[in-house]
Each structure stands twice: as C-alpha cells, then as structure tokens.
Amino acid sequence: MSASLDVIDRQIILATQSGLPLVPEPYRAVAEPLGLSAEEVIQRLARMQETGVVRRIGIVPNHYALGYQANGMTVWDVVDTEVDALGEQVGRLAFVSHCYRRPRRLPAWPYNLFAMVHGRDRDEAADYVAEIADLLGLACRGRDILYSRGILKKTGLRIGRLATIGEHHV
Amino acid sequence: MPLDAVDRRIINAMQGGFPLCARPFREAAANLGISEGRLITRLKRLLHDRTLTRFGPLFNADRMGGTNVLAAMSVPEADWNDVVNLVDAQPEVAHNYRREHVLNMWFVAGAETAEQVEAAFLRIESASGLEVLRFPKEREYFVELKLEV
C-alpha cells in the first residue's frame, strides 16, 4: 500500500531518514534548509504518522549494545485459518520486535509466521520461543529459530532514488 | 559505558511518541523529570557510544511507494565470500545477515518497483548459480514497542 506523498513530503523524509537534529528546535532545523516553516514540517510529519508512512518517532536501541546478544528469527508453521489471529497475539508479546506472515516455500521451507525475538542469551531466547509455542498451541505444526551470526550488510532502506524519481513524476 | 537510571528511563520511554511541537525535547524531558538540555546531551552520548542506533522518525518503506522483499539462500562455505560480495554489491540490498540454518544467508532487497527487486534477485541467481527463495511480506502484525532496560 502506498500513501500519497508529494515532493515536499519526500524532501522531509530525505532530510530526516538518518535522524532528527539534536537541537532544541529540531523541526525548525529540518525546515529551514528546505525553505519551509517548522509548523509545516510538524504538520506533514503528523499526517505521515496518521497514514502510517511514519511508524513512530523516537529512539532505536541497539540490541547488541544493550546486552541482547541472542537475536533470533523464530519461524512457525501455523494453520492458515488461524495464522492471522495468532500473529496479532504474537506481535503483542513484549520480546517480539517484528512479526510477519510470509509464504511457505515447500518442501524446503514450511514456515509461514516469522517473529524476531531478542534475548540476553540463548536460554532467554529459548524461553521466549516456548512462550510463543504455548500461545500457538495445536495450530502450530513445526518451528525453528535462526540465530544471527553476523551482519553482512546494513545500510537500511533509503529512498534517495525514489525521491529523485518522485520529483520528476509529480 | 554502563547505563545509569536516567539513561534507562530515556531508553524505556522514548521508543515512540516523540512530540510533534516546537520544543519537543523540552516536552519529552518534562515527562522524564529532567531538563531539555540534559535530555539532548544524553541522547548525543547514547548515539555516540552506539547504545542507540538512531533517533528520529522511523519510516515504513511499504507506504512510500517502494517495495521490499526478504530472501534467503543456501550458500556453500567454499563460495561464501564471493556470494557475500555479490549480494552486498547490489544497491537494492539493504540488510544481509548470516544465520544458523541450511538457508544461511538472509537479506532484504528494496526498490521503487517489484520488477527492480526481482531483477536484483535474478542477477544474484545468474551470477551465483544458486536459488534465491523469495519471502515477500503477506501481512504485517502490529508490534508493541517495549524493549526494557
């Protein structure tokens, strides 16, 4: 799904996607180079938050630095008719940071529910897996946990090109 | 650097809901019982020492007219470095993780169109001779935010 974004929205996204300036009036600091008022940046961010373009505004903790060493992608084979109701419940568990339904790729991959869990160690992560398993109950026919062993690339999704293209289209 | 009580309050309270107003740090700081200047100084330090990855709006790429797809490959150890270089060299690839599984490489590719993402996967498949399993998001479930420290 795509919300309608105009050139100015895209400029604001480009100006803030690596972070807000740490100054008393951060929205003014974003607005001025764009020739906008702080009020306009605030209003546009508020609208983007309403439409879901902005998920939230705040800090993003570094799980590793905070002692969360066991970061696992838990994957579950959940009965199709129950996966959406159960997925919503899994997403609300305090230790789950992302939760998605994705297609199975049989025979190699029978799992359709993905939930990222973060534990201080693998014992803690295993407790979380058990908690999810309890919640899923008999609707779950199989599971696995794939621990991260290293980050090979992490640039984040950037809209640099999108913003440029968008300007030509608008 | 070990976290003190103020750091913990900041981390627990500021994972979302940063105010949209003229002096947002002043408002957020008041809720934490500290001064605006102290909050800004703390955030600078927590970002500098990488306790925090970033601070600001978190955008949903799916809602910006782009698309992104999770993918996985089973890469033989002998080819590992070549395939890492190949995958990481694709500008569409935003994240790439090694994971403990037969499917040992998991990455996300994003672009303006689904065709561009698919083209990146096809380049990786043809250059590596390996299959790329595609796991597009079918549904995203609401996640509460609450890493407690």
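Quantities reported herein were computed from a predicted structural model and do not represent experimental measurements. Throughout, a chain's letter reflects where its sequence line sits, starting with A, and its residues are numbered from 1. The figures here come from the full heavy-atom set of this structure, side chains too, leaving out hydrogens, waters and symmetry mates.
Both L135(A) and F95(A) are members of a single hydrophobic cluster when ILVMFWY side chains are connected at heavy-atom separations under 4.5 Å. Hydrophobic clustering of Ile, Leu, Val, Met, Phe, Trp and Tyr side chains at less than 4.5 Å, counting indirect connections, keeps V132(B) apart from L122(B). The same ILVMFWY cluster, assembled from side-chain heavy atoms under 4.5 Å apart, contains both V69(B) and M105(B). The hydrophobic clustering, which links ILVMFWY residues whose side-chain heavy atoms are closer than 4.5 Å, places L52(B) and F18(B) together. Transitive grouping of hydrophobic side chains (ILVMFWY, heavy atoms separated by less than 4.5 Å) keeps Y100(A) and L103(B) in distinct clusters.
Considering only heavy atoms from C-beta on, I59(A) comes within 4.5 Å of I11(B) through its side chain. Between V60(A) and F55(B) there is no side-chain heavy-atom pair separated by less than 4.5 Å. Put simply, the side chain of F25(B) reaches to within 4.5 Å of the side chain of L22(A), judged on heavy atoms. Considering only heavy atoms from C-beta on, Y97(B) stays 4.5 Å or farther from L146(A) through its side chain. No side-chain heavy atom of N60(B) sits less than 4.5 Å from a side-chain heavy atom of V53(A). The closest side-chain heavy-atom distance from L113(A) to Y141(B) is below 4.5 Å. K137(B) is listed as a side-chain neighbour of R102(A), based on a closest heavy-atom distance under 4.5 Å. Side-chain contact between L152(A) and D88(B): present, with at least one pair of heavy atoms (C-beta onward) separated by less than 4.5 Å.
No donor-acceptor distance shorter than 3.5 angstrom exists from the side chain of R139(B) to the backbone of V83(A), with no hydrogens or angles considered. Looking only at distances, no side-chain donor or acceptor of R56(A) sits under 3.5 Å from a matching main-chain atom of L58(B).
Residue R134(B) comes nearest to P103(A) through the heavy atom pair O-CG, 4.2 Å, listed as atom of the first residue, atom of the second, then distance. Nearest approach of T53(B) to P61(A), heavy atoms of both residues: OG1-O, 3.6 Å. When all heavy atoms are compared, the tightest approach of E36(B) to P24(A) is OE2-CB, 3.7 Å. When every heavy atom of Y27(A) is checked against every heavy atom of P24(B), the shortest pair comes out as CE1-CG, 3.6 Å.
Heavy atoms closer than 4.5 Å to chain B are found in the side chain of R120(A), but not in its backbone. Neither the backbone nor the side chain of L46(B) comes within contact range of chain A; no heavy atoms are under 4.5 Å apart. Heavy atoms of E131(B) lying under 4.5 Å from chain A are absent altogether. Heavy-atom distances place both the backbone and the side chain of E100(B) under 4.5 Å from chain A. For A38(A), no part lies under 4.5 angstrom from a heavy atom of chain B. Heavy atoms closer than 4.5 Å to chain B are found in the side chain of Q49(A), but not in its backbone. If you measure heavy-atom distances from V90(A) to chain B, you find no contacts under 4.5 Å at all. Heavy atoms closer than 4.5 Å to chain B are found in both the backbone and the side chain of D84(A).
One finds a salt bridge joining E138(B) and R101(A) here, because a Lys/Arg side-chain nitrogen approaches an Asp/Glu carboxylate oxygen to under 4.0 Å. E112(B) and R10(A) are not joined by a salt bridge, as no carboxylate oxygen comes within less than 4.0 angstrom of a charged side-chain nitrogen. With respect to the salt-bridge test (charged N to carboxylate O, under 4.0 angstrom), the residues E25(A) and R26(B) do not qualify. The pair E140(B)-R55(A) counts as a salt bridge, with a side-chain nitrogen and a carboxylate oxygen less than 4.0 angstrom apart.
Atom-to-atom distance recorded for R54(B):CZ and S18(A):OG is 7.0 Å, nearest 0.5 angstrom. Taken from CZ in R8(B) to CG in L66(A), the straight-line distance is 9.0 Å, to the nearest 0.5 Å.
The distance between the ring centers of F135(B) and F114(A) falls below 6.0 angstrom.
By number of non-hydrogen pairs under 4.5 angstrom with chain B, the leading residue of G52(A), A65(A), G72(A), A108(A) is G52(A). Most heavy-atom pairs under 4.5 Å with chain A: of the set A13(B), A22(B), P136(B), this distinction falls to P136(B). Highest contact tally toward chain A, considering only L70(B), L43(B), L133(B), is held by L70(B) [criterion: heavy-atom pairs under 4.5 Å]. With chain B as the partner, the residue from M73(A), Q89(A), H98(A) showing the most heavy-atom pairs under 4.5 Å is M73(A). Considering only heavy-atom pairs separated by less than 4.5 Å from chain B, the leading option among Q43(A), E39(A), E88(A) is E88(A). Counting heavy-atom pairs closer than 4.5 Å to chain B, the top residue among D144(A), I42(A), I145(A), L45(A) is I42(A).
For residues 74-81 of chain A, heavy-atom neighbours of chain B at less than 4.5 Å comprise no residues at all.
The only option from Y111(A), W109(A), Y147(A) that meets the ring-ring contact (aromatic ring centres under 6.0 Å, His included) definition with H101(B) turns out to be W109(A).
The environment of L106(A) atom CG is dense: over 12 non-hydrogen atoms of other residues, nucleotides or ligands sit within 6.0 angstrom.
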* Asked: Between L20(B) and I57(A), is a side chain to side chain contact (heavy atoms under 4.5 Å, CB included) present by the stated rule, with each step listed?
  -> CA-CA 9 Å; L20(B) 281 161; I57(A) 305 175; 3.8 Å; yes
